[in-house]
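These numbers come from a predicted model, not from an experiment.
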Number of protein chains: 2
Amino acid sequence: MPRQKITTPEIIGIAINIFRNNGYHGTSMARLAKACGLMKGSFYNHFTSKEDILLVTIKSLNDYLNERIFKIAYDNELMPGERLQKMLDKLSHVLRSDQGGCLVGNMTLELYNSSNEFKACLEKYFQDWLNAFVHVFSEKYKSKKALKLAQLSIQEFEGAVMMGRIFKNDELIKDTIQNITARV
Amino acid sequence: MPRQKITTPEIIGIAINIFRNNGYHGTSMARLAKACGLMKGSFYNHFTSKEDILLVTIKSLNDYLNERIFKIAYDNELMPGERLQKMLDKLSHVLRSDQGGCLVGNMTLELYNSSNEFKACLEKYFQDWLNAFVHVFSEKYKSKKALKLAQLSIQEFEGAVMMGRIFKNDELIKDTIQNITARV
DNA sequence: GTCTATATCAAGATAGAC
DNA sequence: GTCTATCTTGATATAGAC
């Protein structure tokens, strides 16, 4: 057996960037493989299919955000406004427009109608995000209003990341974060 | 010659809906053809290629919005706030989330890095939108601030349309419109 | 202008050697 | 675990009859 060239987690990190910049159908197995220094046939030792790669990749990103960012929503040592600010700052680094923006947002528009497994995976990602924001807004608002503000904030943030590709203006994401944090 | 089954403008109307619901790569020529009651070979009498169909479709939507919606920005018989409100109401009907949202927003995420011709086409669409909104905000704000608010408003609106697919909540687009119109 | 082939090609996936 | 080679499919596009 030849030595292992790359680990599955390393592949996932590369796949995130290629998928979010080029879309699902715009990314071929050959292209993914080349970026990993492999031949496309070798990919099937790590994943069962192309669809599997994307699903694993999204779940991995989902886990990362839960552990590193959304957890902050429940940190009682910080004020609600500080939690929101900290989460949004971190999100703006992970979901940078000039790096292709939000993988899951992009995939939602491309694949939402394609399969129930994708749909469930995409919805879980946004549900976890929503839960975190609702928790923070709940400290100041009643549950119905908190839900509405959380949805509105995610909408605005995703819009900023998405349109950042067209309007090359770094200030806009900052303004969006400011508008959101001003609510709590 | 058999009689003409469908006109090119009719095809464009159908193509908009299929593309925005299923994405560019997720839409095959056969599927487009079937929806038009044609065989896929017949499509090449109307368009030179699949890429051509999308470009013509986007340009057609662009023209429609310019003539029917963005024109309102320059209607001196209405107050600036009324113009903004009227445009946003009309946009929310044309770009409904439950109909696949904004074709051009969706295509931006899928195809922005694929070809310069697409990129130019997508950018023109948003530029025309931006010009209209900047014009309205300019009645109350200085040019730099007007530009910023126009970009922010488009971001928020696109975000609302996009996330409307995930959060099935009709109130959110209304809240977004209210936030935008409150600025002028 | 539409149809029925068909050419062509790209891409996902598999088999078997090393 | 990776490679080369190959299978198979689905999709764009073309040719030519009606």
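Atom pair A:Phe43:CZ and C:dA15:C1' shows a separation of 19 Å (rounding to whole Å applied). As rounded to whole Å, 15 Å separates atom C1' of C:dA11 from atom CD of A:Glu51. For the pair A:Arg3 CZ and C:dC18 P, the interatomic distance rounds to 21 Å; values are reported in whole Å. Rounding to whole angstrom units, CD of residue B:Gln4 and P of D:dC18 are separated by 22 Å. Put simply, NZ on A:Lys34 is 17 Å from C1' on D:dC3, counting in whole angstrom units. Computed from coordinates, the B:Ile53 CD1 to D:dT12 P distance equals 9 Å when rounded to whole Å. Spacing between atom CG of B:Asp52 and atom C1' of D:dT12 amounts to 13 Å, rounded to whole angstrom units. If you measure from atom CZ of B:Arg31 to atom P of D:dT12, you get 12 Å, rounded to the nearest angstrom.
In this structure, the nucleotide among C:dG12, C:dT4, C:dG1 sitting nearest to the side chain of A:Lys50 is C:dG12. Among the nucleotides D:dT4, C:dC3, C:dA11, the one closest to any side-chain atom of B:Met39 is C:dC3. Side-chain proximity of B:Lys40 to D:dA13, D:dT4, C:dG12: nearest is D:dA13. Of all nucleotides listed (C:dC3, C:dG12, D:dA13), C:dC3 comes nearest to the side chain of B:Leu38.
No hydrogens or angles were tested; on distance alone, nothing pairs the side chain of B:Lys5 with the base of C:dG1 as donor and acceptor under 3.5 Å.
Among the atoms of the strands shown, none is found under 4.0 Å from any heavy atom of B:Thr7. Counting non-hydrogen atoms under 4.0 angstrom, A:Met29 reaches the backbone sugars and phosphates but no base. As judged by a 4.0 angstrom heavy-atom cut-off over every strand, A:Thr8 is placed among residues making no nucleic acid contact. The residue B:Ile6 sits close only to the backbone: its heavy atoms come under 4.0 Å of sugar-phosphate atoms, none of a base.
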Please list every donor-acceptor pair under 3.5 Å in which a side-chain atom of residues 169-178 of chain B meets a protein atom from a residue at least two apart or in another chain.
| residue | atom | partner | partner atom | Å |
| --- | --- | --- | --- | --- |
| B:Asn169 | OD1 | B:Glu171 | N | 2.9 |
| B:Asn169 | ND2 | A:Gln151 | OE1 | 3.1 |
| B:Glu171 | OE1 | A:Lys148 | NZ | 2.9 |
| B:Asp175 | OD2 | A:Lys148 | NZ | 3.3 |
| B:Thr176 | OG1 | A:Gln155 | OE1 | 3.4 |
| B:Thr176 | OG1 | B:Leu172 | O | 2.9 |

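A cation-pi arrangement is found for A:Lys50 relative to A:Tyr24, the charged atom lying closer than 6.0 Å to the ring centre and inside a 45° cone about the ring normal.
Look at A:Glu123 and B:Lys168 and you find a salt bridge, because one of the NZ, NE, NH1 or NH2 atoms lies within 4.0 Å of a carboxylate O, short of that distance. Looking at A:Lys71 and A:Asp75, no side-chain N of the basic residue comes within less than 4.0 Å of a carboxylate O on the acidic one, giving no salt bridge.
Tested against A:Leu32, the residues A:Asn22, A:Ile53, A:Ile11 include a single side-chain contact (heavy atoms from CB on, under 4.5 Å) partner, A:Ile53.
Residue A:Ser42 places at least one side-chain N or O closer than 4.0 Å to OP1 or OP2 of D:dC3.
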